[in-house]
Structure formats: structure tokens, C-alpha cells
Amino acid sequence: MTHKCHKANAELIALVIDNYLSNAVKNTEAGNKIEVRLNTLGLTVFNEGKPIDEKEGRNLWDVFYKEDKARTKNGDNSTGMGLAICKQILMLHKFQYGYKNMPGGVEFFFWIM
């Protein structure tokens, strides 16, 4: 089996990972867990906590969109740019990305298509 080589800009992908982790920390109460999984095809960041409302989820990747403050632990000091920037970086790399409400929390992901 032959694997297609995929090159990525490490600095840009690091920005995505930083944003995913920052959001997980912001949305996880003390004592709850955050899990990061990395493999050859991509990355997932899971945080225990409240699910993302379906209506809210449709807008998460939009510029200047700020999530529901009830979901964050200390209010929201975000600019609403983080996930919009992630979207552009991941689209540039032709990576698949998104989020899923999981039992007990939320998982953000990206992987090579």
C-alpha cells in the first residue's frame, strides 16, 4: 500500500493546535479532563463539559463569532477569530476539520483527507 505524502506548514498547523487547546481549556471546568490524540492522519482535542448547541455549532467557524458565554468557565475574552483562522488554515491544507458532541464533552478534530 502506498501512502501519499502530504506537506503542511508547521507554524500554521501549530496555530490551529494552539487554538484547539486554548478553547478546550477555556471550556473545561476545574477537575475535568482534556485529551489530545495525535496520529499520522490528524489530531483530536476532547474536553469534558457542556455540549455545543447545534445552532451555535453552525456558526463556530465564522469570523467574529463568539460562542455562548454560558459554555465558558470565566466569561469570554475571545475575539471570535480563532476558529475562523483555523478554518482558513485547514482549508488551505485541504484537511478535513470539525467538531463533534461526544458523551460527556466536545471533540474538535482535523485530519488529512
Side-chain angles (χ1 to χ4, degrees):
M1 182 166 156
T2 306
H3 292 283
K4 187 176 169 182
C5 182
H6 190 89
K7 293 186 180 184
N9 180 302
E11 289 179 17
L12 293 177
I13 296 303
L15 285 172
V16 173
I17 294 168
D18 181 66
N19 186 268
Y20 277 19
L21 290 172
S22 296
N23 286 345
V25 168
K26 224 184 334 183
N27 291 291
T28 303
E29 295 292 329
N32 285 358
K33 68 180 173 182
I34 295 172
E35 293 178 1
V36 178
R37 293 192 180 106
L38 176 66
N39 63 43
T40 57
L41 296 179
L43 174 122
T44 63
V45 176
F46 170 84
N47 69 281
E48 280 186 332
K50 297 177 185 171
I52 296 173
D53 180 83
E54 197 174 314
K55 290 178 189 174
E56 181 181 327
R58 286 183 231 145
N59 299 316
L60 281 180
W61 307 94
D62 295 345
V63 176
F64 299 125
Y65 181 76
K66 293 185 181 187
E67 65 189 333
D68 180 4
K69 290 185 183 189
R71 202 170 113 51
T72 60
K73 63 182 176 185
N74 294 321
D76 187 6
N77 63 353
S78 108
T79 61
M81 295 292 292
L83 288 175
I85 291 169
C86 291
K87 174 183 174 180
Q88 294 303 312
I89 291 169
L90 295 168
M91 288 175 60
L92 173 72
H93 286 83
K94 297 182 169 84
F95 285 5
Q96 189 168 18
Y97 65 93
Y99 84 92
K100 293 187 272 187
N101 284 321
M102 307 288 283
V106 178
E107 178 180 87
F108 279 81
F109 63 87
F110 68 83
W111 60 75
I112 299 169
M113 290 201 256

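Along the sequence shown, residues carry numbers from 1.
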Pairwise side-chain contact, Y99 with I52, heavy-atom cut-off 4.5 Å (strictly under): yes

Flag side-chain contact, heavy atom, 4.5 Å: I17 against F110: yes

Cluster overlap V36 with F109, hydrophobic side-chain contacts below 4.5 Å: no

Any side-chain heavy-atom pair of L21 and V45 under 4.5 Å: yes

Side chains of N23 and N27, donor plus acceptor under 3.5 Å: no

Hphob cluster co-occupancy, I112 + V16, side-chain heavy atoms under 4.5 angstrom: yes

Any side-chain heavy-atom pair of V106 and F46 under 4.5 Å: no

Side-chain heavy-atom pair H93, N9 within 4.5 angstrom cut-off: yes

Within-4.5 Å side-chain heavy-atom neighbours: I89 and L15: yes

Linked, directly or transitively: M81 and V25 (ILVMFWY side chains, under 4.5 Å): yes

Lys/Arg cation over aromatic Y97: K87, 6.0 Å, 45° cone: no

Smallest separation among heavy atoms of K33 and T28, with atom names: O-CG2, 4.0 Å

Basic-acidic side-chain contact under 4.0 Å: R37, E35: yes

Hydrophobic cluster identity match, F108 and M102, side-chain contacts under 4.5 Å: no

Connected via hydrophobic side-chain network under 4.5 Å: W111 and L38: no

Heavy-atom pair with the smallest gap, counting every atom of G82 and N19: CA-ND2, 3.2 Å

Close side-chain approach of Y20 to N47, heavy-atom, < 4.5 Å: no

Contact check, side chains of I13 and F95, non-hydrogen atoms, under 4.5 Å: yes

